[in-house]
Amino acid sequence: MEEKSKYARQAAYNRRTYVRFPLDLKPEVLEAFKAKCEANGTKPTTEIKRFIDEYCKEDAGE
């Protein structure tokens with residue numbers, strides 16, 4: 001029970017603050033992307049968020 005409640009507030013915050021964005025990829029594409037990210041010292045989630053941020057800024061003329 002202790003472990004469950006340890007992250008309960010964080011989980012509740014995440015549900016209120018963030019939305020999920022499911023993405024279907026072929027397994028080989030995902031593995032290649034993960035490998036490329038690891039080789040560059042980053043994480044797939046970081047790169048996807050970076051792309052979205054840059055794409056939105058570009059579209060907004062920033």
Side-chain angles (χ1 to χ4, degrees):
M1 185 72 173
E2 181 66 31
E3 284 299 311
K4 198 177 233 184
S5 64
K6 181 177 179 180
Y7 297 105
R9 291 184 68 182
Q10 181 180 0
Y13 172 81
N14 287 345
R15 282 192 301 274
R16 285 191 317 271
T17 309
Y18 296 99
V19 295
R20 305 278 310 162
F21 182 72
L23 181 64
D24 296 327
L25 299 171
K26 291 185 176 185
E28 62 272 14
V29 172
L30 179 57
E31 290 307 314
F33 184 55
K34 285 180 177 180
K36 181 76 171 182
C37 289
E38 187 174 333
N40 289 329
T42 188
K43 302 282 184 189
T45 303
T46 301
E47 293 307 315
I48 292 168
K49 288 178 180 180
R50 182 179 304 165
F51 169 79
I52 292 170
D53 186 53
E54 290 175 7
Y55 186 81
C56 290
K57 286 178 182 176
E58 177 183 300
D59 196 45
E62 291 182 26

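Sequential numbering from 1 along the given sequence is applied to the chain's residues.
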Asker: Name all pairs fulfilling the salt bridge (Lys or Arg N to Asp or Glu O under 4.0 Å) condition that reach into residues 7-22, sequence neighbours left out, sorted by first residue then second.
Answerer: none
Asker: Using the test ring pair (Phe, Tyr, Trp, His ring centres under 6.0 Å), find all partners of Tyr13 that sit at least two apart in sequence or belong to another chain.
Answerer: none
Asker: Val19: which other cluster members, linking ILVMFWY side chains closer than 4.5 Å, directly or transitively?
Answerer: none
Asker: Can you give me every donor-acceptor pair (side chain of residues 21-44, partner residue at least two apart or in another chain, under 3.5 Å) with its distance?
Answerer:
unit_1, atom_1, unit_2, atom_2, d
Asn40, ND2, Lys36, O, 3.3
Thr42, OG1, Glu47, OE2, 2.9

Asker: I would like to know whether Asp53 and Lys57 meet salt bridge (Lys or Arg N to Asp or Glu O under 4.0 Å); could you show each step before the answer?
Answerer: CA-CA 6 Å; Asp53 186 53; Lys57 286 178 182 176; 3.3 Å; yes
